[in-house]
Amino acid sequence: MNRRRVLALMGKECRELARDPLTIGLAILMPLVMLFLFGYAVTLDVNNIRLGVLDEDRSPASRELVDRFTSSGYFEQSHAFDTTRQAEQALQRGQVRVVLVVPRRFQRALVRGEAAPVQLLVDGAFASSAALALGYAEAIVASYPAAPRQRIETQVRVWYNPGLRSANFVIPGLFAVILMAFPPLLTALAIVREKESGTIEQIYASPVTSAEFVLAKLLPYAGVALLEMALLVGVGIVWFDVPFAGSPALLAAASGVYVLTTVGIGLLVSTITRTQLSAMLVALIVSLMPSFLFSGFLFPVFTMPLMLQLYSTLVPASYFVEISRDVVLKDAGLVALAPNLAWLALYTAVVFVFAAWRLRQKVAA
């Protein structure tokens, strides 16, 4: 790979970007418009909330209380814990959304007519599911037949989003959706524009290799996408008052991997389309629509049918939605993010290899 040729092509692409105010406006203004629209407008409802149980009493009364939760149709028990530490780790990793803690001597307190407290640990990063969980739990406790309502005290702690603000849940998810909307579109249009004008034939006839051409085309748009991400995070923190609990450097590094995925998708779209209109339509269909519906941004994936849950694994935004929410709200570290980052890296590699192969085919033809 010749560095001078790559830098020359990158300079050409940057100059074209600077001379195109419409592209710059689309790249900078539209993401902010989407952020404000969805940040204020989106509200979410969920069901089948994943429930973890820490039953320290292990009595018939505690088992009956757990059964009341699981038979309600609102909760689905997915984990049983032996220690509080296990429950904390499962909450941080997103394996459960609610943990029901039944303390020791729960049944004895009921029999004696004393207060019998139970505790709910709620993952407040999902504000809508946390609010529903609280309402469902109070209704279940109120209908619990083991004792009068006043004998049971529910102590609730909402983790990661104590105020249950929808913006704290929606805004980090929007980072993934918006970055999947515009960088692929801009990248695809940039390459297809050269097809329509005929200038790409000069590239095919030049000594520039397909890898050099791909790299020179993608890096400027990757830089624009990273600028978009910085603006979105800044507006999210300053305007929407979203707390940032994690590491900015870790989020930036993860964003870099995700940005390469998004611009790679745009490159792939450009290799299978001939006009800017078709490139725009295909880019929207393969990137924006799945990221809205199947990434976990609007609808929790765990509430979807099994086939759609499997399909969501093919949507790269689904991995970055979890990454951004885990870093921003939960202060998740690299170990917790590693599986999602690995899937994004694999996705990026596959997209780049296939796109380069398509370009080599066109050059050979």
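The basis for the numbers below is simple: all heavy atoms, side chains too, and nothing from hydrogens, waters or symmetry mates. If you're wondering where the values come from, they're calculated on a predicted model, not measured in any experiment.
- Heavy-atom minimum distance, Leu288 versus Ala181: CD1-CB, 3.4 Å.
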inquiry  = side chain to side chain contact (heavy atoms under 4.5 Å, CB included), that's the test. Do Phe175 and Met180 meet it? Break it down for me.
reply    = CA-CA 9 Å; Phe175 299 161; Met180 185 53 70; over 6 Å; no

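- Put simply, Leu346 and Leu310 are part of two different groups of oily side chains (I, L, V, M, F, W, Y) that touch within less than 4.5 Å, one to the next.
- Residues Ser312 and Leu308 form no side-chain contact, since every pair of their non-hydrogen atoms from C-beta on lies 4.5 Å or further apart.
- Separating the CD atom in Glu88 from the CZ atom in Phe81 is a distance of 10.5 Å, to the nearest 0.5 Å.
- Here the side chains of Leu251 and Met229 are in contact, with some heavy-atom distance below 4.5 Å.
- A heavy-atom distance below 4.5 Å is found between the side chains of Ser78 and Val96.
- Side chain of Gln309 to main chain of Met304: a donor-acceptor pair is present (N/O by atom type, distance under 3.5 Å, no hydrogens or angles).
- Within the 4.5 Å cutoff, no side-chain heavy atoms of Phe69 are placed close to those of Tyr74.
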task = Any chance you could lay out the side chain to side chain contact (heavy atoms under 4.5 Å, CB included) test for Val118 and Val101, step after step, and finish with the verdict?
result = CA-CA 6 Å; Val118 295; Val101 181; over 6 Å; no

request  = Using the side chain to side chain contact (heavy atoms under 4.5 Å, CB included) rule, take Asp326 and Leu337 through it: C-alpha gap first, then chi angles, then the decisive distance, then the call.
outcome  = CA-CA 8 Å; Asp326 287 350; Leu337 304 183; 3.9 Å; yes

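- Checked by atom type and distance alone, the side chain of Arg68 never pairs as donor or acceptor with a backbone atom of Arg63 at under 3.5 Å.
- Applying the side chain to side chain contact (heavy atoms under 4.5 Å, CB included) test between Phe320 and each of Pro316, Ser318, Ser324 identifies Ser324 as the sole match.
- Between Phe169 and Tyr160, a ring centre-to-centre spacing not shorter than 6.0 Å is recorded.
- Residues Val315 and Leu306 do not share a hydrophobic cluster, defined by chaining ILVMFWY side chains whose heavy atoms lie under 4.5 Å apart.
- With values rounded to the nearest 0.5 angstrom, Leu32 atom CG is found 5.5 Å from Leu231 atom CG.
- Using cut-offs of 30° and 60° for the angle between ring planes, the Phe294 and Tyr311 rings count as perpendicular.
- Here the CE atom belonging to Met280 is positioned 9.5 Å from the CG atom belonging to Leu186, to the nearest 0.5 angstrom.
- Residues Leu281 and Leu268 do not share a hydrophobic cluster, clusters being chains of Ile/Leu/Val/Met/Phe/Trp/Tyr side chains in contact below 4.5 Å.
- A tilted orientation is assigned to the rings of Phe38 and Phe292, their planes being inclined by 30° to 60°.
- The backbone N or O of Pro184 sits nowhere less than 3.5 Å from a side-chain atom of Thr187 that would complete a donor-acceptor pair.
- Between Arg58 and Asp82 there is a salt bridge, with a side-chain nitrogen of the basic residue lying less than 4.0 Å from a carboxylate oxygen of the acidic one.
- Side-chain contact between Val259 and Tyr221 is absent, with no heavy atoms from C-beta onward closer than 4.5 Å.
- A donor-acceptor contact under 3.5 angstrom links the side chains of Thr348 and Thr261, judged on distance only.
- Taken to the nearest 0.5 Å, the CD atom of Gln77 stands 8.5 Å off from the CG atom of Leu100.
- Cluster membership for Leu341 and Leu260, using ILVMFWY side-chain heavy atoms within less than 4.5 angstrom, is not shared.
- The two residues Gly246 and Pro248 have their closest heavy-atom pair at O-CD, 3.5 Å.
- Remark: Trp159 CH2 is packed, more than 12 non-hydrogen atoms of other residues, nucleotides or ligands lying under 6.0 Å away.
- A 4.5 Å side-chain heavy-atom check between Ile140 and Phe75 finds at least one atom pair inside the cut-off.
- Salt bridge annotation for Asp57-Arg108: absent, with no cationic side-chain nitrogen under 4.0 angstrom from a carboxylate oxygen.
- The nearest pair of heavy atoms linking Ala109 to Ala116 is CB-CB, 4.1 Å.
- Residues Ala87 and Val99 come closest through the heavy atom pair CB-CG1, 3.9 Å.
- Taking OG1 of Thr262 as the start and CZ of Phe182 as the end, the distance is 12.0 Å to the nearest 0.5 Å.
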inquiry  = Walk me through whether Gln119 and Val102 qualify under side chain to side chain contact (heavy atoms under 4.5 Å, CB included).
reply    = CA-CA 7 Å; Gln119 186 179 48; Val102 183; over 6 Å; no

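- Side chain of Gln107 to main chain of Ser59: no donor-acceptor pair is present (N/O by atom type, distance under 3.5 Å, no hydrogens or angles).
- Note on ring orientation: taking the six-membered ring where Trp is involved, the planes of Phe36 and Trp239 are perpendicular (angle over 60°, cut-offs 30° and 60°).
- The ring of Tyr319 has its center no closer than 6.0 angstrom to the ring center of Tyr347.
- No side-chain heavy atom of Thr271 sits under 4.5 Å from any side-chain heavy atom of Trp357.
- Atom-to-atom distance recorded for Leu35:CG and Glu228:CD is 11.5 Å, nearest 0.5 angstrom.
- Put simply, Leu227 and Val224 are part of the same group of oily side chains (I, L, V, M, F, W, Y) that touch within less than 4.5 Å, one to the next.
- Among all heavy-atom pairs drawn from Phe244 and Val233, the shortest one is CE1-CG1, 4.1 Å.
- Heavy atoms only, all atoms of each residue included: Ala225 and Leu179 are closest at O-CD2, 3.5 Å.
- Residues Val242 and Val328 are in side-chain contact: their nearest non-hydrogen atoms beyond the backbone lie under 4.5 Å apart.
- Side chain of Asn161 to backbone of Gly124: a donor-acceptor contact under 3.5 angstrom is found.
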